[in-house]
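Here is the structure we will look at.
Along the sequence shown, residues are numbered consecutively beginning with 1. Atoms considered below: every heavy atom in the structure, side chains included; atoms not considered: hydrogens, waters and symmetry mates.
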Amino acid sequence: MKLKKNLVAATMLAGSMTALSFLSAGTAQAQGALVMYCGVQEEWCRAMVGAFERDTGVKVSMTRKSSGEIFAQIKAESANPRADIWWGGTGDPHMQAAEEGLTVEYKSPKMSELQDWAVRQWEQSKQRTVGIYSGALGFGYNTELAKTNNVPELKCWADLLKPELKDEVQVADPNSSGTAYTLLATIVQIMGEDKGFEYLKALHKNVNQYTKSGAAPAKAVAQGETTAGITFMHDMVTMVVDKAPIKVVAPCEGTGYEIGSMSIVKGAKNLENAKKFYDWALTADAQKIGAEAKSYQVPSNKSTPVPPQAPKLTDIKLINFDFAKYGSSEERKRLLSKWDNEVKNLPK
């Protein structure tokens, strides 16, 4: 009887409020709920959500988009934030969001378990974003298509300009994709800005499509829709694991890399659950889920086994990528505007 009275009283007090047994990004605003914007592959996003819900009982509403799209959405929603946590995707837009005050400071008790590069990301962002994985930029090509079209072996960034690859290279748009912005920043750092943009203009002649998602070119190469695709190397490795005829290339001139990141959104309506997810996502057990979902980045927790399929960063000629400069709001805006004006709008 006492239980029944309590239930009746609770119902009367609640009025027209509905129970949060299932959630949308617009309604998940109560205890026991979390709204997550996810910047990695859909399979990994869903695996993380499922594991977190099982471990904590917190119900998650997840939206998957590319890093640049998530940044734009969080900025557009800043007066009335819908998201609580932004998990995954390249660190540059996370850094820009931190600089623009769209995310908040947080120090997890798990920080001592992380690799130095993950902690540096957190320090550079003034504690507003943290590294959760790392991966090197590169490209891959379909060996069967290359043979059919008499394309010679590809080893370097310069090889992607070969005339045999006319309309046979795919890469994402850096406005929506963190992968493609990493390419833009990488080429500028390797070649210098003037020569770097000359390279990107020449590459434009061979590009058949600028995709929204940074991983999309890997699928296109695997399916034989294009000969070559520029992605993070681990995205191409995923296709190789699934038996696609792809050769993955770490460019001979050197290459940049990403520090995939995580941030808590300023004004999060489920702040405590956002912190709960943040701490959980930095554990070794949570970070093992990436490899299980066929995502082969290098995890940031020192105790998480590195997937054997993951490209070995020690074997790749990595540049000294300036994350602070190229993650800054001013530099990102300037480079993206210049790319739009000088590259994207060029005729073929």
Using only heavy-atom distances, determine whether the side chains of [X] and [Y] contain a donor-acceptor pair under 3.5 Å.
| X | Y | answer |
| --- | --- | --- |
| D84 | N273 | no |
| T90 | E258 | no |
| E113 | S303 | no |
| D279 | Y106 | yes |

Pairs meeting criterion salt bridge (charged side-chain N to carboxylate O under 4.0 Å, His left out) with involvement of residues 35-45, two or more places apart
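Every salt bridge (charged side-chain N to carboxylate O under 4.0 Å, His left out) pair that includes a residue of residues 35-45, provided the two are not neighbours, is E42-R46.
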
Please determine whether a side-chain nitrogen of the Lys or Arg among [X] and [Y] lies less than 4.0 Å from a carboxylate oxygen of the Asp or Glu.
| X | Y | result |
| --- | --- | --- |
| K195 | E198 | no |
| E100 | R332 | no |
| E123 | R120 | no |

Can you check whether [Y]'s main-chain N or O pairs, donor with acceptor, with [X]'s side chain at less than 3.5 Å?
| X | Y | value |
| --- | --- | --- |
| T226 | E168 | yes |
| T231 | D235 | no |
| T143 | P245 | yes |

When you look at [atom1] of [X], are more than 12 heavy atoms from neighbouring residues, nucleotides or ligands closer to it than 6.0 Å?
| X | atom1 | answer |
| --- | --- | --- |
| K155 | NZ | no |
| K126 | NZ | no |
| K110 | NZ | no |

Is the [X]-[Y] ring centre distance short of 6.0 angstrom?
| X | Y | value |
| --- | --- | --- |
| W87 | W280 | no |
| W44 | Y133 | yes |
| H204 | Y210 | yes |

Look up atom CD1 in I230 and atom CH2 in W157, then write down how far apart they are to the nearest 0.5 Å.
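So the CD1 of I230 and the CH2 of W157 are separated by 5.5 Å.
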
Could you state the interatomic distance from NZ (K162) to CG (L154), rounded to the nearest 0.5 Å?
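K162 NZ to L154 CG: 7.0 Å, rounded to 0.5 Å.
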
Between Y296 and A291, which heavy-atom pair has the shortest distance, and what is it?
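The answer is CE2-O, 4.0 Å.
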
Scan K75, H94, R128, K266 and name whichever one has a side-chain contact (heavy atoms from CB on, under 4.5 Å) with L102.
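It is K75; the other options fail the test.
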
Without placing hydrogens or testing angles, list every side-chain donor-acceptor pair under 3.5 Å for residues 308-326, not counting sequence neighbours.
unit_1, atom_1, unit_2, atom_2, d
D322, OD1, A324, N, 3.4
D322, OD1, K325, N, 3.0

